[in-house]
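Here is the structure we will look at, set down as structure tokens.
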Amino acid sequence: MAACALGRLTGRLSRLLGRGGSALPGLVAEKVDPRLIERLVAAVRRGVVVVTGTNGKTTTTKMLVAMLEGEGLTVITNPTGSNLARGIASRLLEVASWRGRLEADVAVFEVDEAAVRPLAPRLRPQVLVVTNMARDQLDRFGELATTASHAAAAVRHAAIAVLNADDPLVVEMAAGAAAARFFGAAAPIRRAMPPDSSLYGTRTEAAAPALLDLSLERAEAEGDGQLVELASASGERAVVRLQVPGVYNGYNAAAAALAAAEFGVPLGRAAGALESTPPAFGRGQVVEYRGRRVKLLLVKNPAGFNQAIRLLTALSPGAEVLMAINDLDADGRDVSWLWDARVEDLAGSGHRFGTAGIRAYDMALRLKYAGLQAWSETGFPAALERFLAGVPEGGTGYLVPTYTAMLRFLDLLRPGTAKREVWS
Amino acid sequence: MSDLVVAHLYPYEMNIYGDTGNVIALQRRLQWRGLAARVEPVSVGEEYDFSGADIVFGGGGQDRSQLEVAADLQRRRDAVHEAVAAGTVFLTICGTYQLFGRRFLTQAGEEIPGIGVFAMDTVGGRKRMIGNVVVGTPWGDLVGFENHSGRTRLDPGQKPLGRVKKGYGNNETRRDEGAVIGNCFGTYLHGSLLPKNPAFADEVLSRALRRRHGAGFELAPLDDTLERQAARMAAQRP
């Protein structure tokens, strides 16, 4: 397998040159052998899991990997941000031998919701998880209905689809699935988390399944995380202290546990793995800095922003909050989504707000029209200083950034981390 | 007691590009002057009497939604024409703007009839026109974000809203953007339009307030420093 050797060589060179592993090796190897991914994943003994959807891909992937590794399985997974074909090819090359041999029981890949359409027939997943479908980066994906059609096409290539029963656009995908399993939440939780499609006039005829295979029965904030209760259709129950906050992470936990069940992981053991899964990069992660705790709440779209807002409104008044909005390609060039988030819910929270990033003024304006005052700093170091000045020593400040804004802050908070996490 | 009534056309179907921010801006800019607006949603299938509205607003939506809305809007054709003739202020954006023209020809060759308030046709194309836009108008430069595949051609007699200084506007060949007839405005600018363009927001409000409360009605000035900062930054972005 010349492609393998060449790809691995590119990876070595790229790292030596200080560019990180990046997607370059995959790109090079795929040019030489366009069927490289197919060849490599064919050797994965128990098959491939693909996790796609708008929000929660990274966290769900991380949870599922922990569950499978907890069973003693050898698992391959792709690092954050490398969720396109070349990123997956790069990761496979990294773990394959120079001759193109792979030693793995399961591969769990987070896949971009547009890239999943061409990738699914190549990966032939045993399990395909769709977390949710929400309005995201319209400048890149076009409409919500278009994004949903990509995931729906991908579902047809999976042996089993693990679907969100509370998102009508996802439920609709069951029609094309060879077999479907559903996760969802009990009615009180569901009512508090309306699916994005219901807010954007994307009507569907699909009726929610009468019975859930895995149900989120309870989800309450507890410390830095969330206390959740999961129940399976076969009567297993588990109470879990997640290290990640928010009801939405209860959904992610349910999705991961249901996918793990397909590999024979009982709910009780999946729960144990969940408790020991630390937050993924920027998703509720806490960074210690100068005797303070900075909690990162990555936001990419109105649905994710609303989740962060719900979390902030549950805090006691007086928290320091910094919202950092960039408009580079990875963030989405169109910042109009800020107007679709329920920023008004923060009025009366008693928190203090600052804004940063290229579109700091847009964020400040959004807050102003929600009746909230905020300071603005477009420069990252200056914004960080001002933000930290408002966090008491030993206290926690909340940083709500878009993707590239988060990378900039991590570079300041922990020099070198951002690069390692993204390119690892 | 409300000083103005804002009719929000199809808030459920036509809302994907942050256009709700326009309604928020209208409400807040009145509130900051001690005035109040009542917002009335107009939904598919519901009866609505436009004679009670001072401002009618409609935003952009997804293709599927636009089809549903197009059929419903046909029923209201005469009522909308009457309201436009009576000087009611209209602000239509993207998808709703297109439906205020004569027709929309989709890429597949299907014709979606509009209600013909503006003398224009829109033809669907493959390439989407996406990015920050700057348009010169009598109310200064308007800054917004556009994201549309429809190319709109105005008839020679149809007045545009302004001239494109950056971006595409109605189509990629001519430099005109939007359309205006009397108090009825149409534009491709979302993002949202009104919060970052306070002079235009106040023009919309002033026209409606003068029509209801007399020609002498003047809006008190507001501090729009932040609005201008946000607009200046957006104008520099790709």
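None of the values given here were measured: they were computed from a predicted structure. Protein chains get the first letters and strands the later ones, always in sequence-line order, with residue 1 at the start of each.
The contact between A:Ala370 and chain B is made entirely by backbone atoms, counting heavy-atom distances below 4.5 Å. Both the backbone and the side chain of A:Ile358 come within contact range of chain B, judged by heavy atoms closer than 4.5 Å. Contact of B:Asn22 with chain A is not made at all, since no heavy-atom distance falls under 4.5 Å.
One distance of note links CG of A:Leu338 with OG of B:Ser192; it measures 9.0 Å at 0.5 Å rounding. Here the CD-CD1 distance, from A:Glu344 to B:Ile24, works out to 4.5 Å after rounding to the nearest 0.5 Å. Atom NZ of residue A:Lys368 and atom OG1 of residue B:Thr225 lie 7.0 Å apart, to the nearest 0.5 angstrom. Here the CH2 atom belonging to A:Trp339 is positioned 11.0 Å from the CG atom belonging to B:Leu193, to the nearest 0.5 angstrom. Rounding to the nearest 0.5 Å places CE of B:Met233 at 10.0 Å from OG of A:Ser376.
Interface summary for chain B: among A:Asp334, A:Val335, A:Asp327, the most heavy-atom pairs under 4.5 angstrom belong to A:Asp334. Top candidate by heavy-atom pairs under 4.5 Å with chain A, chosen from B:Thr20, B:Asp63, B:Asn132, is B:Asp63. Highest contact tally toward chain A, considering only B:His190, B:Gln27, B:Arg237, is held by B:Arg237 [criterion: heavy-atom pairs under 4.5 Å]. Residue with the most contacts toward chain A among B:Ser149, B:Pro238, B:Ala230, B:Ala231: B:Ala230 (heavy-atom pairs, distance under 4.5 Å).
Taking all atoms of both residues into account, the shortest heavy-atom contact from A:Asp340 to B:Ile16 is OD2-O, 3.7 Å. When all heavy atoms are compared, the tightest approach of A:Tyr369 to B:Pro195 is OH-O, 4.1 Å. Residues A:Tyr361 and B:Leu226 share a closest heavy-atom pair of CD2-CD1, 3.9 Å. Taking all atoms of both residues into account, the shortest heavy-atom contact from A:Arg359 to B:Ala234 is NH2-CB, 3.1 Å.
Contact of the B:Lys196 side chain with the A:Asp362 side chain is registered, since non-hydrogen atoms from C-beta on lie closer than 4.5 Å.
Within 6.0 Å of the CZ atom in B:Arg77, the count of heavy atoms belonging to other residues, nucleotides or ligands exceeds 12.
Taking the centre of each ring, B:Phe145 and A:Trp337 stay at or above the 6.0 Å mark.
Looking at B:Glu227, its side chain never comes within 3.5 Å of a backbone N or O of A:Leu365 through a donor-acceptor pair.
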